[in-house]
Amino acid sequence: MSELNRTPLHDLHVELGGKMVPFAGYEMPVQFALGVKKEHEHTRAACGLFDVSHMGQVIVRGADPAGALEALVPADIVGLAVGAQRYALFTNDQGGILDDLMVVKGEDHLYLVVNAACKEQDVAHLRAGLGDDYEVEVLDRGLLALQGPQATTVMQRLCPAACDMVFMQHARFEIDGIAVWASRSGYTGEDGFEISVAASDAERLARRLLAEPEVEPIGLGARDSLRLEAGLCLYGHDIDTTTTPVEAGLIWAIGKPRRRGGEREGGFPGAELILQQVEDKDHTRKRVGLLGEGRAPVREGAELYSEEGEKIGVVTSGGFGPSVGKPVAMGYVAIEHAALDNQVFAEVRGKRLPMTIARMPFVTPGYYRG
Amino acid sequence: MSTIPANLSYTESHEWVLDNGDGTVTVGITDHAQQALGDVVFVELPEVGRELDAGEEFGVIESVKAASDLYAPLAGEVLEVNEALEDAPETVNESPYEDGWIAKLKPADITVLDNLLDADAYAQLAEEDD
């Protein structure tokens with residue numbers, strides 16, 4: 001087995017009693033002393049600190065990097081304001097999704113955050129797609145996420161200027177003398193900040209944040225249940241090379257100027273198929289939210305059936321939603337069964353458990369929009 | 001560190017068995033097992049009256065992390081199940097040896113209890129597991 005990578009916070013995780021597991025090539029804490037459920041609840045009620053340093057942080061430099069990146073993603077990057085962040089997808093020629101990512105527009109560069117497991121592939125894809133005129137630099141930085149309704153209470157004390165940002169804005173700040181780049185965003189459905197910091201300062205920053213009474217360290221287990229309740233996709237599970245953005249319900253990640261009739265129509269991999277699906281809505285399956293009626297969690301891989309017993313889909317993420325108080329899942333179902341409030345049945349250990357197609361997010365988002 | 005009461009018998013699959021002294025036994029999962037599983041969110045209980053073989057799967061415990069099968073520590077009939085777990089599965093975490101019991105069985109042959117692990121042997125197994 002190849003050696004696992006460690007983030008700059010590895011020793012701190014161990015010191016805090018983090019239960020370390022392999023994840024996307026890294027040794028990461030799946031939970032701390034509170035345990036997954038309490039960590040989840042604490043993040044929804046107060047504030048949690050997540051180490052997401054395993055994710056790839058990339059800078060793209062060159063002439064008009066926004067225009068160049070649009071050759072690889074269907075998002076509107078050209079129209080993004082400096083200091084704003086946007087969700088984007090790397091698509092392939094078949095209209096599938098290679099990865100999902102966050103893009104920040106800087107004065108003369110783009111700052112991207114990509115999934116840990118896709119990082120090397122994404123960088124190769126960027127270099128091949130952008131060509132030699134663009135520099136693609138992989139940063140060796142830490143990335144911390146401070147999430148929850150009290151994240152702003154904490155930042156008000158340590159970095160009040162960051163609290164002037166609204167959802168999906170990004171800027172540079174100092175926290176206790178430490179230079180950081182922060183965005184107002186996250187992966188929990190809550191208000192919060194994602195804070196990029198030099199690897200050498202990451203532990204000091206994490207300790208400083210953890211010293212605030214509202215803040216608890218949170219592991220990957222709660223990160224997953226939080227993002228599931230927030231209706232956010234996990235790459236490799238809810239979206240992958242076999243799912244198109246339209247099937248995945250991510251049409252909003254296709255910028256208006258990139259659609260048919262738009263000023264920069266198409267020009268990204270798989271554009272013909274994806275834009276045709278946007279227009280004709282003739283895709284045959286769709287990602288939906290599923291709410292269980294009993295208590296048994298319905299997990300990834302569970303097959304979905306119609307009332308008549310016909311197989312109509314599969315669960316791609318699922319578990320018990322601590323804040324919802326019920327089993328929650330997402331998955332793909334045949335379009336004719338995808339209407340809200342429609343009842344379907346998930347097969348778990350030979351039993352068919354009723355589930356309702358439900359609106360996502362399953363919880364009310366706490367994003368700060370000013 | 002987990003609690004391992006001396007008066008119980010144990011299986012390698014982390015169930016405990018209490019001899020009720022009236023020809024019946026009570027079965028649950030150990031403190032060590034509930035710690036390893038994490039927050040329990042669902043317990044699938046066996047049907048009362050079901051005849052179990054030793055080692056047969058007779059239920060499932062689902063935590064926030066994963067599903068884990070329950071195995072019958074000995075052969076016997078299910079006399080009673082802890083229905084309170086249907087609404088409060090977290091009781092398995094809070095009180096694994098008392099309120100979080102899973103089922104009462106009438107063993108076909110209670111003397112097989114002697115073949116199970118005692119507290120010392122289970123403590124060693126739990127330690128190796130960590």
Side-chain angles (χ1 to χ4, degrees), chain A residues 17-21 23 28-44 218-229 291-302 315 317-329 346-353 355, chain B residues 1-3 13-14 29-48 50 52 56-72 78 81-96 99-100 102-103 126-130:
Chain A
K19 187 173 166 195
M20 306 303 283
V21 300
F23 179 82
M28 297 298 287
V30 67
Q31 64 172 72
F32 290 91
L34 283 179
V36 176
K37 188 170 168 226
K38 290 203 178 78
E39 289 173 25
H40 176 114
E41 289 165 347
H42 185 84
T43 305
R44 289 259 185 266
I218 311 293
L220 290 176
R223 182 169 154 82
D224 191 52
S225 55
L226 287 159
R227 70 90 198 165
L228 175 60
E229 285 185 340
L291 204 50
E293 289 173 16
R295 288 201 61 120
V298 177
R299 299 183 193 271
E300 180 177 359
V315 168
S317 282
F320 193 80
S323 305
V324 175
K326 286 180 180 177
V328 291
E347 187 162 284
V348 177
R349 295 183 289 272
K351 287 184 197 155
R352 303 258 167 111
L353 307 178
M355 297 193 94
Chain B
M1 269 313 289
S2 67
T3 309
S13 48
H14 307 285
I29 68 162
T30 66
D31 189 27
H32 174 74
Q34 70 79 16
Q35 283 180 21
L37 279 169
D39 305 294
V40 172
V41 295
F42 175 70
V43 182
E44 191 171 285
L45 298 163
E47 280 183 27
V48 172
R50 184 170 151 194
L52 302 172
E56 186 181 347
E57 288 173 28
F58 76 99
V60 177
I61 295 202
E62 294 248 19
S63 74
V64 285
K65 292 182 229 162
S68 180
D69 290 322
L70 292 165
Y71 298 98
V78 179
V81 295
N82 187 358
E83 284 170 6
L85 297 181
E86 287 173 3
D87 289 328
E90 64 276 9
T91 313
V92 172
N93 296 116
E94 291 158 3
S95 177
D99 296 344
I102 309 279
E127 196 175 325
E128 284 163 11
D129 210 33
D130 278 332

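In what follows, chains carry the letters A, B, and so on, assigned in the order in which the sequence lines appear, proteins first and then strands, with residues in each chain numbered from 1.
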Quiz prompt | Atom group of B:A67 that falls short of 4.5 Å from chain A, counting heavy atoms | solution = both
Quiz item: So which of A:G319, A:A296, A:P327, A:G294 has the largest heavy-atom pair count under 4.5 angstrom toward chain B?
Solution: A:A296
Quiz prompt | Minimum-distance pair of heavy atoms, taken over all atoms of B:D39 and A:G35 | solution = OD2-C, 4.0 Å
Self-check item: Closest approach of A:K19 to B:A36 (non-hydrogen atoms, all atoms of both residues)
Solution: NZ-O, 4.1 Å
Practice problem: Decide yes or no for B:V41 and A:P297: does some side-chain heavy atom of the first lie under 4.5 Å from some side-chain heavy atom of the second? | Solution: yes
Self-check item: A:K326 versus chain B, the contacting section by heavy-atom distance below 4.5 Å
Solution: neither
Quiz item: Are any of the side-chain nitrogens in A:R349 or B:E57 under 4.0 Å away from the carboxylate oxygens of its partner?
Solution: no
Quiz prompt | chain A contact via B:V43 - which portion, at a heavy-atom distance below 4.5 Å | solution = neither
Quiz prompt | Per-residue contact mode, B:E44 against chain A (heavy atom under 4.5 angstrom) | solution = side chain
Quiz prompt | Contacting region of A:R299 [heavy-atom separation from chain B under 4.5 Å] | solution = side chain
